[in-house]
Amino acid sequence: MATATTDPADLRLHVPPSMQQVTKLARYQLREYVRSRRFIALTLIVLAIGVILTALVAHFRGTIVSTNLAFYGSFWGGGVGVVIVLAAVFFGGDAIAGEFQNKTGYFLMGLPVRRSTVYVGKFIAAFLASLSMMLLFLAILVGNGVYYFGSNVLPWQLGLSLLIAIVYLSAVLGATFLFSSLFKTSAYGFVLTAILFLFGFTILEDVITDLVKIEPWMIISYASSTIGSVFSPTVSWGLTGTVTRVTTGMGRFMVTTTTYTAGVAEGIVIMIAYLIVTAAAGLGLFEREEFA
Amino acid sequence: MPTASIETHDLTKAFGRFTALDGLNLTISGTKCVGFLGPNGAGKTTTLKLLTDMIFPTRGGCSINGISVQEHRKWALADAGVLIESPEIYPSLTPNEALEMVADLRGVPVAERRDRIRTVLAEVKMSEWADMKFGRMSKGMKQRINIAAALVHDPAVLLLDEPSTGLDPRGMAEVRSIVRELKKSQRLIFMSSHILSEVVDVCDEVALIDKGKLLFYDTLDNVIARFSGSHASVDVALARPIGPDVVTQKIANLPGVAGVNQLDPKRLRVRFTGGLDGQERLLEALVELHIGVLSVAESESALEEIYLSQISRGD
């Protein structure tokens with residue numbers, strides 16, 4: 001039976017610590033994701049991407065399957081970035097905005113949980129749901145790899161690339177959650193994340209490289225290129241990237257094209273910086289957001 | 001001195017130039033049902049959102065069970081059940097799952113959890129639909145589950161924001177009946193409403209708010225006594241119709257009667273003086289007239305008149 005006066009010390013004994021609440025919230029949120037139509041839809045999309053890539057590799061075998069590194073570099077490096085962005089959009093785009101738009105936030109905010117608990121719990125759930133999509137794509141890739149090269153030639157670079165992809169996923173989700181916290185309408189979060197990560201950052205990277213003529217180290221798509229570049233024998237492992245200048249044409253029509261490739265450690269540092277900045281900004285916004 | 005269950009101090013909230021709540025000072029203790037009454041836009045929901053840290057005060061602060069909501073929302077809400085703005089629950093969840101989640105996050109011991117969920121589902125009469133997905137539920141069903149979610153940890157303080165708003169008449173009646181049942185438990189219920197009959201029907205005390213300012217907070221009886229002057233009103237139901245001559249010549253002339261209004265041939269509203277003694281004498285006199293008195297009930301119009309006079313005074 002409830003009583004009208006409560007000793008605050010008793011409450012501390014009953015309500016779980018925030019870390020426990022984070023894992024509980026993440027678990028329930030993940031269950032919600034797994035049961036949702038968007039989870040089924042994204043599973044089908046990832047399968048479709050895998051099938052298309054499998055068909056392309058089967059058709060154009062030549063250079064792609066010349067070595068196992070070339071195969072994993074082009075298949076994994078080319079496809080996982082798209083899978084990550086799609087997963088972040090599907091699971092993170094409305095993670096915070098949806099709480100306002102669908103009024104589910106009024107249910108959660110009536111509970112004795114810190115706002116940071118809600119934010120982190122939802123982030124972990126979105127991360128795990130997205131990771132499952134990444135692993136599905138990886139399974140298709142490895143299936144192909146085993147078919148072409150046998151089961152004993154999985155390159156160690158694949159493991160490293162997977163770790164970099166996980167860091168990239170965290171950074172993309174950090175930005176997605178920030179956009180989702182900025183708006184109270186889910187659609188803006190979806191659209192902004194998709195535009196920026198599918199081509200916005202790539203365009204910016206090209207503009208900085210070609211017009212400003214500096215290394216585009218501040219752009220996350222530049223950093224994420226390390227997911228594929230670790231399979232290259234000329235990759236730089238350090239905190240500085242490599243610069244390649246190729247001159248084509250003759251006489252007055254000679255054009256020099258400069259290509260920057262991020263170093264592996266540099267790329268990881270950039271992605272972690274994105275994660276920290278966007279997660280802190282997003283959480284800060286959510287802490288101050290009013291359910292008015 | 002016992003800790004106040006709900007306390008607000010100079011609680012103020014402005015949205016731009018509009019002040020939704022202006023210096024609210026309110027202290028509520030004990031186990032009872034307090035109606036937070038006011039017209040739409042008076043500041044009721046704003047107050048409840050401030051009490052649950054959904055919005056932040058421009059000035060002042062509030063506490064639940066003596067714990068500052070602004071400084072320690074987690075502990076302040078630990079022993080409070082909250083229902084604000086008819087929230088939505090994730091559509092793929094069932095009531096059993098949603099209540100399991102709430103109980104889990106609130107730290108209801110695993111051994112008690114199943115029993116508590118069963119009990120609250122029975123309290124809101126939703127046991128039959130415990131495994132139905134929310135996406136398929138009506139608004140009234142969802143609202144009953146929202147009330148169950150607010151109750152699952154058996155809280156000492158229950159904050160309800162217009163719990164029957166938006167429901168059809170049957171749904172409203174069901175929610176009121178649930179709240180009446182909840183009063184039997186030893187807890188404080190703080191319920192906002194703009195429906196007078198709901199407050200009269202369910203609440204022991206009433207706080208009236210208009211344009212962000214608290215006009216008064218007292219027991220229902222005291223409010224009616226204070227603002228009705230020396231007069232009170234009762235509604236009398238009769239077994240058979242009576243003519244206007246009986247009303248004007250007999251009832252209006254009874255001792256203590258200040259006025260009679262015939263609502264229909266079988267219903268009267270009688271204004272009288274003399275407090276409870278006067279009411280007792282009036283009842284005896286009405287019975288002695290042999291006009292077929294079936295029931296005498298405190299008139300809802302008393303609070304309505306006070307409500308309208310206090311609200312219009314602020315215009």
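Bear in mind the structure is a predicted one, so any value in this text is a computation, not a measurement. Protein chains get the first letters and strands the later ones, always in sequence-line order, with residue 1 at the start of each.
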Enter the distance from [X]:[atom1] to [Y]:[atom2] here, rounded to the nearest 0.5 Å.
X	Y	atom1	atom2	value
F134(B)	F107(A)	CZ	CZ	6.5 Å
R114(A)	L77(B)	CZ	CG	12.0 Å
E100(B)	K24(A)	CD	NZ	9.0 Å
Y106(A)	I89(B)	OH	CD1	15.0 Å
M101(B)	L111(A)	CE	CG	6.5 Å

Within a strict 4.5 Å, meaning less than it, do heavy atoms of the R106(B) and H14(A) side chains meet?
->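 No; the side chains remain at least 4.5 Å from each other.
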Do P87(B) and M109(A) touch side chain to side chain, with heavy atoms closer than 4.5 Å?
->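 Sidechains of M109(A) and P87(B): no contact.
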Residue K13(B) versus chain A: region with a heavy atom under 4.5 Å |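 Interface part for K13(B): side chain.
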Do R35(A) and E97(B) meet the salt-bridge criterion of a basic N to acidic O distance under 4.0 Å?
->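 Salt bridge: yes.
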With a cut-off of 6.0 Å (strictly less than), are more than 12 heavy atoms of other residues, nucleotides or ligands near NZ of K213(B)?
->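 For K213(B), atom NZ is not crowded (no more than 12 foreign heavy atoms under 6.0 Å).
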For atom CZ of F183(A), is the number of surrounding heavy atoms from other residues, nucleotides or ligands below 6.0 Å larger than 12?
->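 Yes.
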Does the side chain of E88(B) pick up a donor-acceptor pair with the side chain of T104(A) at under 3.5 Å?
->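 Note: E88(B) and T104(A) side chains miss the donor-acceptor criterion.
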Scan for salt bridge (Lys or Arg N to Asp or Glu O under 4.0 Å) pairs involving residues 164-173 of chain A, sequence neighbours excluded, and state none if there are none.
->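 Listed by first then second residue: nothing to list.
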Highest number of heavy-atom pairs under 4.5 Å with chain B: which of Q20(A), R27(A), R31(A)?
->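 When all of Q20(A), R27(A), R31(A) are compared, R31(A) has the most.
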Kindly indicate, with the supporting measurements, whether the criterion side-chain hydrogen bond (donor to acceptor under 3.5 Å, both in side chains) is fulfilled by Y28(A) and D104(B).
-> CA-CA 10 Å; Y28(A) 288 105; D104(B) 199 3; 3.0 Å; yes
Selection from L83(B), L93(B), I84(B), T52(B) maximising heavy-atom pairs under 4.5 Å formed with chain A =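 Heavy-atom pair counts peak at L93(B).
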Test side-chain hydrogen bond (donor to acceptor under 3.5 Å, both in side chains) applied to R73(B) - qualifying residues, sequence neighbours left out =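 Only D53(B) meet the side-chain hydrogen bond (donor to acceptor under 3.5 Å, both in side chains) criterion with R73(B).
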Would you name the heavy atoms of F291(A) and K49(B) that are closest together and state the gap between them?
->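 It is O-NZ, 3.0 Å.
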Heavy-atom closest pair, residues L105(B) and P16(A) |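 Heavy atoms of L105(B) and P16(A) come nearest at O-CD, 3.3 Å.
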Residue by residue, scan residues 117-130 of chain A and write down, ordered by number, those that have a heavy-atom distance under 4.5 Å to chain B; if none do, write 'none'.
->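 K122(A), listed by number.
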Heavy atoms under 4.5 Å from chain B: which residues of residues 79-102 of chain A carry them?
->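 E99(A), N102(A), listed by number.
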Test E290(A) against F15(B) for side chain to side chain contact (heavy atoms under 4.5 Å, CB included), laying out the working first.
-> CA-CA 11 Å; E290(A) 295 195 313; F15(B) 295 101; 4.1 Å; yes
Between L25(A) and chain B, which part of the residue has a heavy atom less than 4.5 Å away: side chain, backbone, both or neither?
->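 Both backbone and side chain of L25(A) come within 4.5 Å of chain B.
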With only heavy atoms counted, which part of S18(A) is less than 4.5 Å from chain B, the side chain, the backbone, both or neither?
->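 Looking at S18(A), backbone and side chain both touch chain B.
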